[in-house]
Amino acid sequence: MKTQKGCIHIYCGDGKGKTSAGMGLCIRAAGRGKRVLIYQFLKDNSTGEIRSLSHLPNVTRLNGPDNVKFSFQMTPAEREETIQHYRMLLKDLFARSTEYDLLFLDESVYAVASGLIAEEELISCLIHRPSHLEVILTGQNPSDTLLRHADYVSHICKIKHPFDRGQPSREGIEF
């Protein structure tokens, strides 16, 4: 029986580590026997953390598309298709969440900020979620409205990053 009230976590900012922080909480929860559901918006199915988490009991990850574009790279038709897909997916994820203790929506904040997820739909899902459900949201530029619905907000700030020197992302470190 679930009696503890679930909270909403937001990891945001321009620094590296938002997804890593969310995945760390997923690992912690799974290690305590909690059931975890993960979806990564705007990412393909090849990240290193997903490869590791797929071996953990109590962790379920729903695959996204294999070919993913940044929102600014999408044609208008691709953008509209993505918006419709994410609208249905969001409803599905929260419908499935009754069977889980923790729902991680990686890059959902960015998907809202870029107009691919309607903020009011995400907030409605958060408000009407099962009371026990812990939810993690990550991404840049959450609105004040979204921040007001969160119980935890961690801002991860970039001070220095190899990207600034032109170094490309590295397998096992950035992805």
Side-chain angles (χ1 to χ4, degrees), residues 2 4-66 68 70-71 82 85-114 116-119 121-143 146-156 172-175:
K2 302 192 175 36
Q4 191 173 16
K5 173 90 169 104
C7 292
I8 298 169
H9 306 245
I10 295 179
Y11 297 106
C12 60
D14 64 353
K16 177 186 176 318
K18 297 176 289 291
T19 296
S20 299
M23 293 295 178
L25 187 51
C26 291
I27 290 168
R28 176 178 287 160
R32 294 293 187 173
K34 295 189 180 297
R35 293 162 299 163
V36 178
L37 178 61
I38 300 170
Y39 187 81
Q40 294 184 291
F41 292 92
L42 296 164
K43 291 184 178 178
D44 64 21
N45 301 305
S46 66
T47 61
E49 61 270 14
I50 290 306
R51 290 179 182 183
S52 295
L53 286 173
S54 67
H55 300 291
L56 293 178
N58 298 329
V59 176
T60 301
R61 195 261 186 178
L62 297 181
N63 284 335
D66 287 323
V68 178
F70 290 110
S71 61
T82 301
H85 173 70
Y86 283 169
R87 174 175 284 137
M88 298 302 294
L89 179 65
L90 197 62
K91 291 176 185 174
D92 181 54
L93 288 165
F94 277 91
R96 290 175 185 235
S97 71
T98 59
E99 302 299 317
Y100 293 89
D101 303 297
L102 175 65
L103 174 61
F104 181 19
L105 302 176
D106 190 28
E107 293 296 349
S108 57
V109 172
Y110 176 75
V112 168
S114 63
L116 298 173
I117 294 176
E119 181 177 62
E121 289 180 17
L122 176 58
I123 289 172
S124 177
C125 288
L126 292 171
I127 290 169
H128 296 100
R129 74 188 191 281
S131 63
H132 74 277
L133 186 66
E134 205 84 13
V135 180
I136 304 168
L137 312 173
T138 62
Q140 294 186 20
N141 304 317
S143 71
L146 193 54
L147 290 172
R148 280 194 296 275
H149 286 278
D151 299 289
Y152 297 89
V153 177
S154 295
H155 183 89
I156 300 172
I173 304 300
E174 279 86 25
F175 66 94

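None of L122, L147, L146, I117 except one satisfies the side chain to side chain contact (heavy atoms under 4.5 Å, CB included) rule with V109; the exception is L146. In summary, of the residues considered (L103, T98, D101), a side chain to side chain contact (heavy atoms under 4.5 Å, CB included) with P130 occurs for T98 alone.
Minimum interatomic distance between L102 and C26 (heavy atoms only, all atoms of both residues): CD2-CA, 3.7 Å. For A30 against N58, the heavy-atom pair with the smallest separation is O-ND2, 3.6 Å. Between K16 and I156, the shortest heavy-atom distance links the atoms O-CG2, 3.5 Å. Counting all heavy atoms, side chain and backbone alike, F94 lies closest to V135 at CE2-CG2, 4.4 Å. Nearest heavy atom pair, residue A113 against residue Q140, reads CB-O, 3.9 Å. In terms of heavy atoms, Y39 sits closest to L62 at CD1-O, 3.3 Å.
Ionic pairing of R87 and E121 is present here: one or more N-O contacts between side-chain nitrogen and carboxylate oxygen are shorter than 4.0 angstrom.
Here D106 contributes atom CG and T47 contributes atom OG1; the two are 8.0 Å apart, rounded to the nearest 0.5 Å. Atom CG of L25 is separated from atom OG of S154 by 10.0 Å, given to the nearest 0.5 angstrom. To the nearest 0.5 angstrom, S20 atom OG is 9.5 Å from E174 atom CD. The CG atom of L90 lies 9.0 Å from the OG atom of S124; values are rounded to the nearest 0.5 Å. With rounding to the nearest 0.5 angstrom, the CZ atom of F104 is 15.0 Å from the OG1 atom of T60. Atom CG of residue L93 and atom SG of residue C125 lie 9.0 Å apart, to the nearest 0.5 angstrom.
A heavy-atom distance below 4.5 Å is not found between the side chains of L37 and R61. By the 4.5 Å heavy-atom criterion applied to side chains, C12 and V153 are counted as neighbours. Contact of the I136 side chain with the Y11 side chain is registered, since non-hydrogen atoms from C-beta on lie closer than 4.5 Å.
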- Message: Determine whether I27 and L53 satisfy the following criterion, side-chain contact (heavy atoms from CB on, under 4.5 Å), listing intermediate values before the conclusion.
- Response: CA-CA 8 Å; I27 290 168; L53 286 173; 3.5 Å; yes

- Item | Residue pair Y100, V36: steps toward the side-chain contact (heavy atoms from CB on, under 4.5 Å) verdict | CA-CA 6 Å; Y100 293 89; V36 178; 5.5 Å; no

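Distance alone, capped at 3.5 Å, places no donor-acceptor pair between the T138 side chain and the K18 backbone. In this structure, N45 contributes its side chain and G64 its backbone to a donor-acceptor pair below 3.5 Å. At distances below 3.5 Å, not a single donor-acceptor pair connects side-chain atoms of H155 with backbone N or O atoms of G15. Put simply, the side chain of D151 gets close to the backbone of I8: a donor and an acceptor are under 3.5 Å apart. A side-chain donor-acceptor contact under 3.5 Å links R129 to the backbone of L126.
Using cut-offs of 30° and 60° on the angle between ring planes, the pair Y86 and F41 is perpendicular.
No more than 12 heavy atoms of other residues, nucleotides or ligands sit less than 6.0 Å from atom NZ of K34.
A donor and an acceptor atom, one from each side chain of K43 and T19, are located under 3.5 Å apart. Side-chain N/O atoms of Q4 and H132 include no donor and acceptor closer than 3.5 Å. One side chain, E49 or Q40, offers a donor N or O that lies under 3.5 Å from an acceptor on the other.
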